[in-house]
**Q** 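Structure incoming, see below.
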Amino acid sequence: MMKVTVCFGTVRIVVPCGVSGELSVQHIVDKAITRYKKATGRPLSYWVRVISLQNAADGAILDTDDCIRDVADDREKLIAVFDEQDASTDLEDHNIGDGASASSVVDSDSQSSASDILLAKGRPNGDSDKHLHVRHGSESAV
C-alpha cells in the first residue's frame, strides 16, 4: 500500500494513498486535514485550509487534480502550506465555508480576504524563517 507523509509545520501525518496510489492529490489533502485535526486534538469544526501541497525535496507544487502515484513516490515527504483557525478567535466571528477557497473564511468585522495571506519566499525545506504568515485585516503588518 502506498503512503506519504504530509507535514503541517512540525506535525507529520502519514496518509495512505490506496493500494497502488490511485487516489487524487485532493483526496490525499482531505485525508491529511482530517488526520491533522485528530492528531492535534482539534474538533472537526476547526477549519484548516491547505493552500498547496509541495514536494519536500524540491518545493514543486502538486496539482490537486493529479493522481498521487503520478506526482509522488511511496513514503515521500510532502509539505502542506496551510492556514488554520486561530485558537484565540471565536467561531462566531467568522462565516465558515468549505475551506477550499480564499472567500470561505471572512472576518465579519474586517472583511479580510486572500490578500491578507503573506507567504515567505523560499523553499519549504524546514528553515524556521520560511513559513506561512497570516495577517487579518485589523492587525498590523507582520
Side-chain angles (χ1 to χ4, degrees), residues 1-137 139 141-142:
M1 172 162 301
M2 181 180 179
K3 59 186 147 208
V4 294
T5 300
V6 179
C7 303
F8 290 84
T10 59
V11 179
R12 288 164 171 54
I13 305 295
V14 175
V15 181
C17 303
V19 176
S20 62
E22 68 275 2
L23 301 178
S24 71
V25 172
Q26 183 60 57
H27 195 98
I28 300 303
V29 167
D30 294 341
K31 289 176 82 168
I33 288 171
T34 300
R35 289 167 180 256
Y36 172 72
K37 288 178 187 180
K38 286 181 186 177
T40 57
R42 307 282 196 233
L44 290 177
S45 60
Y46 184 87
W47 63 263
V48 176
R49 179 174 60 108
V50 172
I51 298 162
S52 66
L53 196 60
Q54 302 177 349
N55 180 297
D58 62 8
I61 297 173
L62 281 62
D63 187 306
T64 55
D65 294 331
D66 286 337
C67 183
I68 192 69
R69 73 171 164 245
D70 295 337
V71 294
D73 293 324
D74 186 29
R75 301 175 193 263
E76 189 156 353
K77 184 176 169 183
L78 305 172
I79 306 296
V81 178
F82 69 107
D83 186 18
E84 66 182 317
Q85 178 179 333
D86 183 355
S88 65
T89 304
D90 276 336
L91 283 175
E92 296 170 5
D93 291 342
H94 288 81
N95 297 321
I96 306 294
D98 61 4
S101 64
S103 62
S104 294
V105 181
V106 178
D107 185 320
S108 59
D109 294 331
S110 65
Q111 294 299 309
S112 63
S113 66
S115 62
D116 293 332
I117 298 174
L118 307 173
L119 289 174
K121 291 183 180 179
R123 291 187 348 188
N125 58 5
D127 292 345
S128 61
D129 63 334
K130 293 178 177 71
H131 47 82
L132 178 69
H133 297 279
V134 178
R135 180 181 64 83
H136 296 284
E139 295 177 1
V142 179

**Q** To the nearest 0.5 Å, how far apart are CD1 in Ile13 and OG1 in Thr5?
**A**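 Rounded to the nearest 0.5 Å, the CD1-OG1 separation comes to 9.5 Å.
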**Q** Measure the NZ-CG distance between Lys3 and Asp74 for me, rounded to the nearest 0.5 Å.
**A**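 CG of Asp74 is found 7.0 Å from NZ of Lys3.
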**Q** Would a 4.5 Å heavy-atom cut-off, applied to side chains only, mark Leu53 and Val6 as touching?
**A**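 Answer yes - side chains close enough.
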**Q** Closest approach of Ser24 and Thr64, non-hydrogen atoms and distance?
**A**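 In terms of heavy atoms, the two residues are closest at CB-O, 4.0 Å.
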**Q** Heavy-atom distance under 4.5 Å between the side chains of Ile61 and Val81, does that happen here?
**A**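 Not in contact.
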**Q** For the residue pair Phe8 and Tyr36, does the interplanar ring angle fall in the parallel (under 30°), tilted (30 to 60°) or perpendicular (over 60°) class?
**A**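 Ring orientation of Phe8 relative to Tyr36: parallel.
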**Q** Which atom names give the shortest non-hydrogen contact between Cys67 and Gly21, and what distance separates them?
**A**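 Answer, listing the atom of Cys67 first, then Gly21: SG-O, 3.0 Å.
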**Q** When rounded to the nearest 0.5 angstrom, what is the spacing between CD1 in Ile68 and CG in Asp73?
**A**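 So the CD1 of Ile68 and the CG of Asp73 are separated by 10.0 Å.
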**Q** So which heavy atom on Cys7 is nearest to which on Lys77, and how close?
**A**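 Heavy atoms of Cys7 and Lys77 come nearest at SG-CE, 3.5 Å.
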**Q** Do Glu84 and Arg42 make a side-chain contact, defined as non-hydrogen atoms from C-beta onward lying under 4.5 Å apart?
**A**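 A side-chain contact exists here, since the closest heavy-atom pair is under 4.5 Å.
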**Q** Check whether any side-chain heavy atom of Arg69 sits under 4.5 Å from a side-chain heavy atom of Ser20, and report yes or no.
**A**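 Yes; the side chains approach each other to less than 4.5 Å.
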**Q** Are any of the side-chain heavy atoms of Arg75 and Val4 separated by less than 4.5 Å?
**A**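 Answer no - side chains too far apart.
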**Q** Going by side-chain contact (heavy atoms from CB on, under 4.5 Å), Arg35 matches just one of Val14, Val15, Asp30. Which one?
**A**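 Output: one option passes, namely Val15.
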**Q** Are Pro16 and Lys31 packed together at the side-chain level, in the sense that at least one heavy-atom pair is separated by less than 4.5 angstrom?
**A**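 Result yes, sub-4.5 Å side-chain heavy-atom pair found.
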